[in-house]
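Keep in mind that what you see is a predicted model, and the values were worked out from it rather than measured. Excluded from the calculations below are hydrogen atoms, water molecules and symmetry mates; all remaining heavy atoms, backbone and side chain alike, are included.
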Amino acid sequence: MSEFHRKLSLEYETLHIAKENAFWTAKMGLDADVDAAGAAFDESEKTLGTWLQSPDRLSEVRDALATASTDEERTALAGWLRTLEAHSIESAEGRALAAEIIDMEGALARKRESMKLGYVDPTTGEFVRASSVKLGTLLASGETSELRQAAWQGLRSIEDHVLANGYIELVKARNRLGRMLGGEDFYDWKVRRVESMSKDAIFELLDGLMAKTKDAHESTLASMEESERQPWNFRNAITGDMTREMDPYFPFAEAVERWGRSFAALGIKYAGATLVLDLLDRDGKYPNGFCHMPEPAWRDQGQLKPARIHFTATAIPGMLGSGQRASTVLFHEGGHAAHFANIDMPAPCFSQEFAPTSASFAEVQSMFLDSMLDDADWQSRYARTKDGEVIDFPVIERGLRARQRGEASTLRAMTAICAAERAIYEIPDEELSAERILKEIRSVENDLLGMDAGRPALSVPHLLSGEASAYYHSYVLALMGVAQTREFFETRDGHLVDNANIGPDLRKAYWQPGNSKLFSDFIKALTGKTLSADALARSASMTDEEVLSKAKASIERLGSIAPFTGKIELDCTITIVHGNETVATTEGGSFEAMCETFAAWVSERA
């Protein structure tokens with residue numbers, strides 16, 4: 001390793017760690033002085049941004065790559081070249097605007113966090129404070145249409161709030177930067193930088209999926225009463241009482257143990273990483289699960305430096321559906337963590353979650369693993385009440401029917417968020433107003449869904465955030481990759497649950513290379529097939545009979561798949577926290593002991 005390459009890596013690592021530590025403090029609400037924590041994060045983000053944007057540093061990397069003498073050096077410097085090219089801003093004006101945008105994003109985030117959010121109780125007429133997480137849960141499983149409508153209106157109030165508190169000005173500034181750097185608009189520039197794809201190429205894939213799911217969605221709508229087609233009733237009408245019916249089989253207190261056992265059975269390891277998990281909702285905490293890597297894994301002078309990874313959920317103990325939601329987040333964010341912990345490359349630029357790391361490919365890892373929770377064989381083996389009662393097949397069947405009924409509609413609702421964000425950035429600056437933005441959003445929603453969306457677009461935190469803006473399409477593209485990945489393992493091995501080949505195979509094909517390949521190249525490396533919407537469309541268009549036949553066969557196959565009964569060893573140190581409080585840890589003890597401590601702590605709060 002040359003002195004230049006190592007200096008580059010260590011400088012970046014120091015700035016990245018400082019920024020990510022400040023991010024965690026601000027987003028988790030760990031500092032009583034919210035404004036000071038937010039400002040500290042903004043400053044650390046600008047410092048790292050300035051380092052990445054430097055045209056001089058990019059020039060130095062190009063010169064060093066031209067004279068590199070070893071394969072390791074060439075690999076590392078090629079990674080730095082892609083990273084710096086994705087961030088470099090040659091003009092001083094552009095760098096100043098990028099820094100200004102960070103300040104605007106921080107100000108908007110603080111105004112959103114301080115918003116008096118909640119709903120008007122339809123029974124009492126009183127305003128009830130509630131986080132967006134709680135509002136979303138009420139929207140899905142509130143007992144009356146009036147309560148669900150009140151929760152939906154609470155979510156809609158976020159749109160008016162952000163539009164009145166800086167979002168419009170932020171869109172204008174982002175578009176100005178995107179065009180300055182060669183994009184049609186901010187959205188186009190961002191996706192070219194992150195996905196190495198144009199906006200048009202991404203929406204060509206999404207439009208193809210919409211064409212293939214149109215009939216299934218319209219069939220679902222046609223089967224519903226008019227009252228069920230209201231945006232606040234649609235999700236509840238699809239799932240019925242399944243959230244309530246599934247709830248006993250996903251006790252929140254046991255979610256961590258099931259995550260660990262299932263991942264251990266899949267052969268997933270975390271390569272010596274340190275994991276910090278903050279799993280409960282609370283005031284001042286970011287209202288969405290996420291996974292960040294404060295210390296990226298990389299090989300320094302031949303020695304692997306393990307990652308430090310933080311991830312979060314927003315569960316509410318005792319609330320209907322909280323256990324299932326927590327399980328989903330643990331599998332999802334735990335999938336992200338497994339991906340980034342297992343990267344083994346000669347520079348930290350390969351193992352950070354920002355450009356040129358493909359957001360879509362990163363989401364494949366998390367969404368592939370959380371998809372297993374919906375599988376009949378996983379539920380049959382793992383879903384239990386707190387007293388050990390096994391889930392009955394009729395319950396599994398009703399869940400499968402409900403999920404299949406809403407599969408195409410769910411994909412279209414996700415795509416509506418992407419298309420609405422694209423439409424916002426395509427509005428000419430002189431026409432940008434709250435009224436025009438809301439008109440565009442509602443137009444997109446009704447075009448794709450036949451109604452206003454149950455989840456209002458601007459209530460989705462990604463659209464406000466700097467790092468997650470022009471990002472939501474990644475979830476839909478990722479589902480395409482997930483469907484192809486699932487098909488590959490099912491065809492080759494016959495099953496996903498407790499398949500010990502999955503961890504090693506994902507590590508070799510998907511995880512170890514970091515961001516050294518493009519999204520489509522990764523998918524082809526494992527599956528041998530080009531990225532497409534075909535597998536996802538096939539899955540979304542299956543009949544109930546096909547779904548149930550596959551489910552029954554998978555459960556019958558469990559007799560030949562030995563359950564994992566050993567100690568849970570994930571090759572990592574895990575600490576579960578709640579804000580500044582340490583709840584449980586594997587340090588000095590076992591995974592199982594940590595789970596017992598966590599379960600007792602959660603039970604006190606249910």
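- The pair E389-R384 does not count as a salt bridge, with every side-chain nitrogen at least 4.0 angstrom from each carboxylate oxygen.
- Side-chain rings of F361 and H339 approach one another, their centers coming within less than 6.0 Å.
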Discussion item. With side-chain contact (heavy atoms from CB on, under 4.5 Å) as the criterion, how do L449 and S409 come out once you've worked through the C-alpha distance, each side chain's angles and the decisive distance to 0.1 Å?
Written reply: CA-CA 7 Å; L449 306 176; S409 301; 5.9 Å; no
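- Salt-bridge check for D375 with R486: passed, with a basic side-chain N closer than 4.0 Å to an acidic carboxylate O.
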Discussion item. Pair E195, S360 - check side chain to side chain donor-acceptor pair (under 3.5 Å), show working.
Written reply: CA-CA 7 Å; E195 300 291 354; S360 301; 2.9 Å; yes
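- Proximity of L279 to V602: side-chain heavy atoms (C-beta onward) are nowhere separated by under 4.5 Å.
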Fill in: Pair R492-D505, salt bridge (charged side-chain N to carboxylate O under 4.0 Å, His left out): steps then yes or no
CA-CA 12 Å; R492 191 193 71 178; D505 285 352; 2.5 Å; yes
Discussion item. Checking H578 against F598 for the ring-ring contact (aromatic ring centres under 6.0 Å, His included) test, could you report, in this order, the C-alpha distance in whole Å, the side-chain angles of both residues, the deciding distance, and whether it holds?
Written reply: CA-CA 11 Å; H578 183 57; F598 174 71; over 10 Å; no
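- Outside the 6.0 Å centre-distance limit, the rings of Y382 and F564 are not counted as a close aromatic pair.
- In this structure, H332 has its ring center no closer than 6.0 Å to that of F368.
- Residue pairs meeting the salt bridge (Lys or Arg N to Asp or Glu O under 4.0 Å) criterion with at least one partner in residues 538-564, sequence neighbours excluded, are R401-D544, E487-R538, E490-K550.
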Item to complete: With salt bridge (charged side-chain N to carboxylate O under 4.0 Å, His left out) as the test, would you mind laying out the steps for R398 and E245 before giving the verdict?
Response: CA-CA 9 Å; R398 287 191 289 274; E245 199 166 359; 2.2 Å; yes
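- Judged by distance alone, the side chain of T220 and the main-chain N or O of A216 form a donor-acceptor pair under 3.5 Å.
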Worksheet entry | side-chain contact (heavy atoms from CB on, under 4.5 Å) evaluation trace for L373 with Q379 | CA-CA 7 Å; L373 292 168; Q379 291 181 1; 6.0 Å; no
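- Of the inter-residue distances, the one linking C291 atom SG with I309 atom CD1 reads 5.5 Å to the nearest 0.5 angstrom.
- For the pair R507 and D344, the minimum side-chain heavy-atom distance is below 4.5 Å.
- To the nearest 0.5 Å, atom CG of residue L30 and atom NZ of residue K285 are 10.0 Å apart.
- When atom types are taken as modelled, the side chain of Q404 and the backbone of M542 share a donor-acceptor pair closer than 3.5 angstrom.
- Salt bridge annotation for K529-D534: absent, with no cationic side-chain nitrogen under 4.0 angstrom from a carboxylate oxygen.
- For W378 and F331, the ring centers are positioned less than 6.0 Å apart.
- For E581 and W601, the side-chain atoms include at least one donor-acceptor pair closer than 3.5 Å.
- Aromatic ring centroids of H292 and F290 lie under 6.0 Å apart.
- Distance check, rounded to the nearest 0.5 Å: CD1 of I568 to SG of C595 gives 6.0 Å.
- The CG atom of N501 lies 10.0 Å from the CG atom of L266; values are rounded to the nearest 0.5 Å.
- Between F311 and W259, the angle of the ring planes goes over 60°, which puts this pair in the perpendicular group of the 30/60° scheme.
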Worksheet item: Can you list the steps and then say if T314 with D281 is a side chain to side chain donor-acceptor pair (under 3.5 Å)?
Response: CA-CA 4 Å; T314 52; D281 190 34; 5.4 Å; no
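- Using modelled atom types, one side-chain atom of R282 and one backbone atom of M28 make a donor-acceptor pair closer than 3.5 Å.
- Between D377 atom CG and L496 atom CG the span is 7.0 Å, to the nearest 0.5 Å.
- The shortest side-chain heavy-atom distance between T415 and I417 does not fall under the 4.5 Å cut-off.
- Counting heavy atoms from C-beta on, the side chains of F522 and V364 never come closer than 4.5 Å.
- Closest heavy-atom contact between R412 and M210: NH1-O, 2.7 Å.
- Taking CG from L526 and CZ from F488, the interatomic distance works out to 4.5 Å, rounded to the nearest 0.5 Å.
- Atom CZ of R235 is surrounded by 12 or fewer heavy atoms from other residues, nucleotides or ligands within 6.0 Å.
- Checking side-chain atoms of T312 against main-chain N and O of D278 turns up a donor-acceptor pair under 3.5 Å.
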Discussion item. The test is side-chain contact (heavy atoms from CB on, under 4.5 Å); show your working for Y475 and H462 and say whether it passes.
Written reply: CA-CA 12 Å; Y475 296 111; H462 299 65; 2.7 Å; yes
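- Judged by distance alone, the side chain of S541 and the main-chain N or O of A537 form a donor-acceptor pair under 3.5 Å.
- Between L155 and W232 there is no side-chain heavy-atom pair separated by less than 4.5 Å.
- Residue S380 comes nearest to I555 through the heavy atom pair OG-CG2, 3.9 Å, listed as atom of the first residue, atom of the second, then distance.
- Looking at D498 and R381, a side-chain N of the basic residue comes within less than 4.0 Å of a carboxylate O on the acidic one, giving a salt bridge.
- Considering only heavy atoms from C-beta on, I576 stays 4.5 Å or farther from T585 through its side chain.
- Using a 4.0 Å cut-off between charged side-chain N and carboxylate O, E225 and R229 make no salt bridge.
- Counting only residues at least two apart or in different chains, salt bridge (Lys or Arg N to Asp or Glu O under 4.0 Å) contacts with residues 135-158 comprise E143-R244, R156-D452.
- Heavy atoms only, all atoms of each residue included: V577 and V583 are closest at C-CG2, 4.0 Å.
- Residues P251 and T385 have side chains not in contact (no heavy-atom distance under 4.5 Å, counting atoms from C-beta outward).
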Worksheet entry | side-chain contact (heavy atoms from CB on, under 4.5 Å) evaluation trace for E445 with M451 | CA-CA 6 Å; E445 292 172 350; M451 68 180 84; over 6 Å; no
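- A salt bridge is absent between R403 and E407; no separation between the charged side-chain nitrogens and carboxylate oxygens falls under 4.0 Å.
- Between R112 and the options S132, S465, P461, a side-chain contact (heavy atoms from CB on, under 4.5 Å) holds for only S132.
- S459 places a side-chain N or O within donor-acceptor distance of the main-chain N or O of P456, the cut-off being under 3.5 Å.
- Using a 4.5 Å cut-off on side-chain heavy atoms (C-beta onward), L209 and T213 make contact.
- Side-chain atoms of T586 come within 3.5 Å of backbone atoms of I574 as a donor-acceptor pair (strictly under, hydrogens ignored).
- A donor-acceptor contact shorter than 3.5 Å is absent between the side chain of H336 and the backbone of E363.
- Summarising the local packing, NZ of K212 is surrounded by more than 12 heavy atoms from other residues, nucleotides or ligands at distances under 6.0 Å.
- A donor-acceptor pair under 3.5 Å links the side-chain atoms of D571 to the main chain of G272, judged by distance alone.
- Under a 3.5 Å cut-off, the side chain of S474 and the backbone N or O of Y471 do form a donor-acceptor pair.
- Shown here is E587, whose CD atom has no more than 12 heavy atoms of other residues, nucleotides or ligands within 6.0 Å.
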